[in-house]
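Naming: A, B, ... by sequence-line order, numbering from 1 per chain. Because the structure is predicted, anything quoted here is derived from the model rather than measured.
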2 protein chains.
Amino acid sequence: MTRPRSDKLNTITSRDVARAANVSQALVSRAFSGNGRIAADTRERIFKAAAEIGWQPNALAASMVTGDAPLVAVITTRLSFDWRAQVLSHLLKAFEERHLQPLLFHAERDEEVDRLLAETISWRTRGVVVTAGVVQKARAEAILSRGQFLAALNRPANHERAFAIATDNRLGGRHAATVLADEGRQRLLVLAGPADSWASRSRTEGFVAAARDRGIEPEIWCNDAMSTDAGGACARRLLELSAAGRPDAVFATNDALGLGFIDGLRSSALGIPSDLSLVGFDNLPASAWAPYRLTTFEQPLDTMVAAVVGHIENHRQSELHMASPVPTPSADGVIYCPPQLIVRNTTRGQK
Amino acid sequence: MTRPRSDKLNTITSRDVARAANVSQALVSRAFSGNGRIAADTRERIFKAAAEIGWQPNALAASMVTGDAPLVAVITTRLSFDWRAQVLSHLLKAFEERHLQPLLFHAERDEEVDRLLAETISWRTRGVVVTAGVVQKARAEAILSRGQFLAALNRPANHERAFAIATDNRLGGRHAATVLADEGRQRLLVLAGPADSWASRSRTEGFVAAARDRGIEPEIWCNDAMSTDAGGACARRLLELSAAGRPDAVFATNDALGLGFIDGLRSSALGIPSDLSLVGFDNLPASAWAPYRLTTFEQPLDTMVAAVVGHIENHRQSELHMASPVPTPSADGVIYCPPQLIVRNTTRGQK
DNA sequence: CTGAAAGCGCTTACAG
DNA sequence: CTGAAAGCGCTTACAG
């Protein structure tokens, strides 16, 4: 009965290999999986037959019976010139090393993330790594309750049993304010992102808090996008201000804003850092280039990716024999990693 | 018998949904797949039960029986600040729109690509899109012979039955030479990549050919990496030349080289384009920034990605009822798409 | 060390 | 319109 598959494909199976090597189909499976006893020479015979035929185990079928596929769902967004490309790149490399297959879910906009999270379920992955958008509590519960892991990178996971790790954005923000205040800057400006950007908000909050500790109340400019274009627009806006009311230090909550801001100031008389200091966040490759040399924060990407992979492996262990300790998150469930200040030429720091 | 799966997972299946909705398991399948007759109200009942239980079809199991998973393998490399990130981003978006699931294979170095191509097989994807490294003929044959598609993006597929689409790098190179020669430049220099970079080589060849047509023999500097650092090194090397022997026009075979080259010249007396014109390739976001405004070529990424997706869908059609026409490739089996010149400030073009 | 058989969670003819 | 049953390609106890 059932003859669903396209007949042209003529799928070859372990049975064909078994026939060619003159063994049972079960032995072929054992030869490739490495589980169960098998004589060295029959294994060789099987390998040879498989190589000739061009067969290798069907991972989909194997997953079916073992109930576990080495698959990890990864949620991303637009990668173009973004910190996200670096995140994904590191993640992919780590997965490759651990023999984990990433199944990618691409959100064009953050609102799609919840839907993608739902679609993720169909593939019965080990779990999902979220690098974009917001994780809803109910969705997190749906994932975790089936025994999958849920790891949020640079965002809260909004669930006690999920794993969340992020750059300590508040700390970075505080640090930026300290650097600027220590230079003697008095009129601070924050170039922030949209209200729903968790990272930008945290950086801003940290910055404002530390500034207030010094008795300074920073001004905050919000931007719909955290892009170089938006940074340029901020520069133009700043240039329209009277010299007296003009900020003398700017904290760009990401480097794209900061780089655009620098470019926006080029045709003006304002010098950096003579008239105005600038600190960014992300340490994009371009931030090190000659025309910018932007003082900025590097996010501890390696640390975070390693921790995510660690969580994935722990999760598997505990699945198998309920064991393993977990890193200790902070009160909001997120593990925070300190960013590192890279002092370059847009601040007066003693470099 | 066989109790392989971790008992804690307690997997829920369509059978559980069937029980809850008081129907046969087959009906649950029909409700979700949309295949076969089913009364509207029982379908609703099934959906409700499934939603309550939190079940959705196991795509792995479905793939097993239909013999077809909506999976596409994608081979990439390091994404950091590269044109590749843009390629991947566009590809992912197109897949998402067509409900194709990308399974990513990440090569840290190009030499790993062949191995990854082999690993691809286990997952019984519809086929594989290669955006890094070299496709070996035998490997291509192995993939195609199982009825999978093979699509190479910006590289030859080295197989008649494979699909290959690329920017017309030779044409771009020719065009670059024409632009520079038309400016009256006489001493041309090419900043090339490593010998095994197909794109860089093609661009160089086109450039050299067109230059020779004008009676000019360009100099060629090869670089191990096509990075900003390498571009900077080229600038330093150029500055060491005597003014008489110095090139008056440079073709950087990618923008990274070009941007680094510009930065490397900043501290010198040489002006661009007064003393020396520069043309790049890729049109990176940074190439449009104020300190660079690099004249460069934009690759027809949308066109190429659309063509790849078109090929994937054609492949499926022909799998199903042996039909469909194919685009017409050039003699070497590659479909070439012309790049578009973006004139900015590093050439004297009439802009 | 090896083979026969059950079963993973589905989909799809085939009968009602 | 619905259900019982076969089968997708594997892996793994269970017997030899």
Take the protein atom [atom1] of [X] and the nucleotide atom [atom2] of [N], then report the distance between them rounded to whole Å.
{"X": "A/Met64", "N": "D/dC8", "atom1": "CE", "atom2": "P", "result": "14 Å"}
{"X": "A/Arg37", "N": "D/dA13", "atom1": "CZ", "atom2": "P", "result": "14 Å"}
{"X": "B/Leu60", "N": "D/dT11", "atom1": "CG", "atom2": "P", "result": "13 Å"}

Salt-bridge test for [X] and [Y]: reply yes if a basic N is under 4.0 Å from a carboxylate O, no otherwise.
{"X": "A/Arg115", "Y": "A/Glu108", "value": "no"}
{"X": "A/Glu160", "Y": "A/Lys137", "value": "yes"}
{"X": "A/Arg316", "Y": "A/Asp68", "value": "yes"}

Does a nitrogen or oxygen in the side chain of [X] sit under 4.0 Å from OP1 or OP2 of [N]?
{"X": "A/Trp123", "N": "C/dG9", "answer": "no"}
{"X": "A/Asn58", "N": "D/dC8", "answer": "no"}
{"X": "B/Arg124", "N": "D/dC10", "answer": "yes"}
{"X": "B/Ser33", "N": "C/dT11", "answer": "no"}
{"X": "B/Asn35", "N": "C/dT12", "answer": "yes"}

With heavy atoms under 4.0 Å as the rule, sort [X] into base, sugar-phosphate or nothing.
{"X": "B/Thr13", "answer": "sugar-phosphate"}
{"X": "B/Ser14", "answer": "sugar-phosphate"}
{"X": "B/Arg43", "answer": "nothing"}
{"X": "B/Arg30", "answer": "base"}
{"X": "A/Ala26", "answer": "base"}

Item to check | Rounded distance [0.5 Å steps], CZ in A/Arg126 versus CD1 in A/Ile312 | outcome: 9.0 Å

